[in-house]
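Only this structure's heavy atoms are used, side chains among them; waters, hydrogens and symmetry mates stay out. Note on naming: letters A, B, ... go to the chains in the order of the sequence lines (proteins, then strands), and numbering restarts at 1 for each one.
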Amino acid sequence: MTAAPPAYDPQSIEAARQAAWSARDAFATPPAEGDRPRRYIKPSAPFTSGNIHIGHVRSYSIGDAYARFWRARGEDVLFAFGFDAFGLPAELGAIAGGVSPSEWVARCAHHMKDQLLRLGYSFDWHRAFLSSDPQMYRWSQWLFLILLDAGLVYRGTGAVDWCDTCQTTLATIQVEDGTCWRCHNPVRLIQRPQWNLRINPFLAENDSRMAELHESGVWDEVALASQRYVLGRVDGVELDLAENPATTEEHATAENPATATEPTAAEPSAAEPTTAEPTPGEPLTAFTPHPDAVTLARFVLISPKHPHIERFTHAPGVRERLEDLRSGGLERDARDADAIPLIDTHVTLRSPAGHEALPLLVSPVVDGRFGPTAVLGIPARDHADAMIATRLGLTVEGDEEAGADALVASHDGGGREDSSMEAPRAGVRGGACAGARSDGGVADGTSIDAIDGVRPAVRYRANDFSISRQRSWGTPIPIVYCQDQCGAVPVPMHELPVLLPLDLKPTGAGNPLAEREDFVATACPTCGGPTRRETDTLDCHFDALWLWLPVCVPPAERERTLEQILALEDLRAWLPCERVVAGSDSGNFVFDQRTVTKALRDIGPLAFLADGEPFAGCLFHEMVIRDGRKMSKHLGNVVDPDELVARYGADTVRLATLYAARPQRSLNWSDSAVLRCHRFLNQVWDFTHTRLAAPTIEPERDINEHLRSRLAKWCHTAVEKTTEEMAALEMHSAVRNVMRLFDRIKDYEKRVLARGQAMSEADRDSLLSALATLTQMLAPLAPHIAEELWIALGNSADTHLPWPGVSSQVPA
RNA sequence: GCCCGGAUGGACAAACUGGAAAAGUCAGCGGACUUAAAAUCCGCCGCCCACAGUGGGCUUGCGGGUUCGAAUCCCGCUCCGGGCACCA
């Protein structure tokens with residue numbers, strides 16, 4: 001008598017497999033040597049919140065399946081991550097818990113690691129890190145200094161919410177109905193210096209690389225779309241406008257005492273085609289996305305961040321109003337065209353399209369749509385322009401369409417067919433714009449053909465952004481302010497890292513870092529005189545610019561200087577990262593990482609990445625929602641992964657998140673996927689164990705040959721399809737195919753038994769071989785049960801399970 | 001306001017590139033096993049008409065269009081969700 005087959009007990013199976021993995025250090029990154037293919041798979045760096053939520057489970061289940069798949073295919077895989085540990089929520093968590101932020105994140109990271117271990121992800125924990133570790137945030141400081149030296153980090157000003165009572169800067173989420181979250185006193189906007197990151201010089205290249213990324217086939221369409229969105233490319237035309245002699249004529253002036261959100265860029269920007277220092281009287285280049293409506297312009301808008309803005313601030317009061325605009329903040333409600341700030345410069349411009357005196361107005365509305373440039377205001381074509389025209393008291397007869405028609409008639413016949421027959425947008429799409437985009441020239445038969453100096457042009461919405469924060473829990477900015485003559489002085493590279501005091505206890509009031517005399521007071525690196533350190537810290541977005549790099553460094557090399565690290569063979573061998581697997585909200589991070597990689601390539605440290613792309617491929621998955629809504633405590637619809645794991649085991653939970661939806665779609669949580677997957681794993685377990693123990697007979701003659709070959713064919717098809725799907729990160733289909741194969745195996749058995757009382761030796765061998773194939777394909781998706789079944793089927797689990805057809809096993 | 005998604009039985013959904021809509025799961029109903037319950041397993045399960053039974057018609061948010069053929073593509077709507085930069 002054989003003993004009853006063991007019941008499927010995920011808790012004990014998973015504990016046993018995890019212990020075995022840990023004992024043989026199964027997921028340590030192989031040294032980057034030899035000629036086996038190599039693949040760096042980058043999961044997202046989780047914010048160190050203290051809890052792995054179901055969204056993380058989805059993300060890491062996809063990435064882990066992919067990593068395990070390639071290991072099973074015989075490739076060397078780097079799969080590890082760092083915790084994104086700086087940031088406001090950590091500070092708030094520390095305040096709430098009455099501990100220091102460093103203690104708080106250490107505790108959170110520890111708990112999250114336990115959760116991830118319980119889920120059985122194949123991360124190389126030797127390479128995990130916290131971004132708040134000095135060894136790591138020195139990367140931020142180094143990067144800051146390198147970019148500062150290259151002129152890509154610069155000083156500007158910006159507006160922040162300020163609470164007078166608490167003497168502190170507030171983030172948007174700390175402002176509740178215009179009052180401070182802590183003391184509930186009113187909040188006001190103040191202007192203060194900020195450090196900014198310049199990205200303009202790299203926008204055109206980021207744009208031109210899009211085609212290559214698309215053709216590579218390893219960038220998911222959704223991920224590419226997000227890159228296009230962040231870039232914000234606008235096609236159109238530009239033309240040069242000449243400044244009329246100063247006039248004293250009083251123009252209609254916009255009411256709103258201006259508020260503008262972004263700090264100013266004093267230096268020329270790459271989006272502006274005129275790079276040489278302009279002389280007075282030199283023309284202003286203006287852009288419009290409406291090539292067929294150049295003649296319909298009624299005014300010109302210029303960004304307060306335009307590189308040549310100072311040329312147009314001579315009229316009385318303009319400079320002061322511009323300062324107001326820069327020091328204020330653009331309120332959320334003021335983004336609409338009817339409330340957007342406007343400053344009349346009292347300058348008028350002549351255009352080659354026949355205008356004699358287009359008024360020039362400063363408005364931050366330009367930045368949000370076209371970057372720091374100047375644009376034509378065309379009320380007939382643009383809703384926002386129409387509203388601005390109304391505020392300026394410019395006459396635009398009738399409704400938009402009729403007005404457009406009349407204006408076309410009075411200025412120029414060209415473009416009339418578009419404006420009178422179709423909606424404005426359709427006219428642009430079908431008109432000169434499309435021609436200009438496709439062949440780089442000006443299309444025939446349109447109005448711009450007739451106007452000299454009107455040429456195709458491109459603008460980008462993406463913009464420089466502030467990287468400094470008035471918070472204590474962040475990377476200290478390596479700058480000192482000398483109290484003698486030297487001014488702002490960068491801390492020398494060899495003095496890095498500038499250490500953040502670990503025992504800070506923020507309360508929400510003041511700036512704990514600025515109050516630490518032991519941190520603030522230091523000596524000037526240049527003159528040795530008394531100096532105070534910068535007390536702003538770097539935003540976590542800045543940390544994210546390098547977060548993809550340190551896992552490529554073998555742990556033993558971490559102590560080295562960054563110069564040495566960047567010269568490591570390992571680092572070069574693993575880069576570029578083969579695939580990023582992250583949430584679809586990571587578009588900005590990825591964009592900025594791509595941008596700064598190009599900067600570091602040009603400066604030198606990453607010169608070996610010739611195309612300046614840190615990531616060869618990218619998959620953005622959607623989030624897990626429930627009842628059609630984002631999960632939140634407030635809605636009470638949060639799914640707790642720990643609870644599910646305790647009940648069904650990690651394999652079931654992982655399989656369910658993979659199975660429930662294709663990665664690019666939101667996963668609307670329901671328990672049915674979990675129940676389905678749990679039942680499936682249960683059945684595979686029972687089926688395999690009972691068939692192993694099933695008796696066989698000696699048949700008089702072999703009557704099942706055709707059934708066996710049909711089963712072999714099914715296995716072959718399943719392997720073929722599943723291999724493709726795993727490589728393409730279509731885990732939902734892979735799971736379905738594995739389930740289908742199981743159904744076919746059961747069908748095979750049913751048919752064999754229908755033809756006789758029991759299986760022959762050959763019949764059973766076929767069955768077990770099919771089950772082995774199924775187990776191999778299940779391994780990346782539900783690794784614990786697969787490995788346990790693999791052992792039960794008589795194999796060794798001292799190495800990674802090979803993918804079907806892969807003979808050479810990879811020593812772990 | 002702007003941008004991006006989505007809408008398929010009582011519920012969650014599947015349908016890969018335009019080729020038999022509704023696989024699978026939950027709930028429900030019936031049965032097996034059990035002293036009983038839980039667990040597990042088996043059967044039924046979109047709507048309407050007809051029926052002893054076989055059958056016939058309709059159906060992918062709404063209205064149009066393209067096509068031999070549409071959940072899928074195009075145009076116009078409705079509703080829902082997400083994002084909009086000191087949260088990460």
On a whole-Å scale, what distance lies between the [atom1] atoms belonging to [N] and [M]?
N       : M       : atom1 : value
rA21(B) : rC58(B) : P     : 12 Å
rG65(B) : rC51(B) : C1'   : 40 Å
rC74(B) : rG82(B) : C1'   : 26 Å
rC75(B) : rA22(B) : P     : 29 Å
rG43(B) : rC33(B) : C1'   : 15 Å
rU54(B) : rC41(B) : P     : 29 Å
rG46(B) : rG10(B) : P     : 10 Å
rA88(B) : rU78(B) : C1'   : 34 Å

How close or far is atom [atom2] of [N] from atom [atom1] of [X], stated in whole angstroms?
X         : N       : atom1 : atom2 : value
Phe589(A) : rG83(B) : CZ    : P     : 15 Å
Phe680(A) : rA23(B) : CZ    : P     : 19 Å
Asn682(A) : rC41(B) : CG    : P     : 8 Å
Leu681(A) : rU40(B) : CG    : P     : 14 Å
His541(A) : rC86(B) : NE2   : P     : 8 Å

Mind checking Asp84(A) for me? I need base, sugar-phosphate or nothing, with any heavy atom below 4.0 Å counting as a touch.
-> sugar-phosphate

Looking at every strand, decide which applies to Gln470(A) at a 4.0 Å heavy-atom threshold: base, sugar-phosphate, or nothing.
-> base

If you compare every side-chain N and O of [X] against the phosphate oxygens of [N] (OP1, OP2), does one of them come in below 4.0 Å?
X         : N       : answer
Asn668(A) : rA13(B) : yes
Arg629(A) : rG82(B) : yes
Arg665(A) : rA7(B)  : yes
Arg676(A) : rC12(B) : no

Salt bridge or not between [X] and [Y]? Use side-chain N to carboxylate O under 4.0 Å.
X         : Y         : result
Glu749(A) : Arg691(A) : yes
Arg188(A) : Asp161(A) : no
Asp235(A) : Arg233(A) : yes

With a 4.5 Å limit on heavy-atom distance, are the side chains of Val153(A) and Leu143(A) in contact?
-> no

Check whether the side chain of Gln194(A) and the base of rC86(B) form a donor-acceptor pair under 3.5 Å.
-> yes

Just name whichever nucleotide pairs with rA7(B), Watson-Crick or G-U, keeping both distances under 3.5 Å, else none.
-> rU78(B)

Taking Arg461(A) for its side chain and Asp367(A) for its backbone only, find out whether a donor-acceptor pair lies under 3.5 Å.
-> no

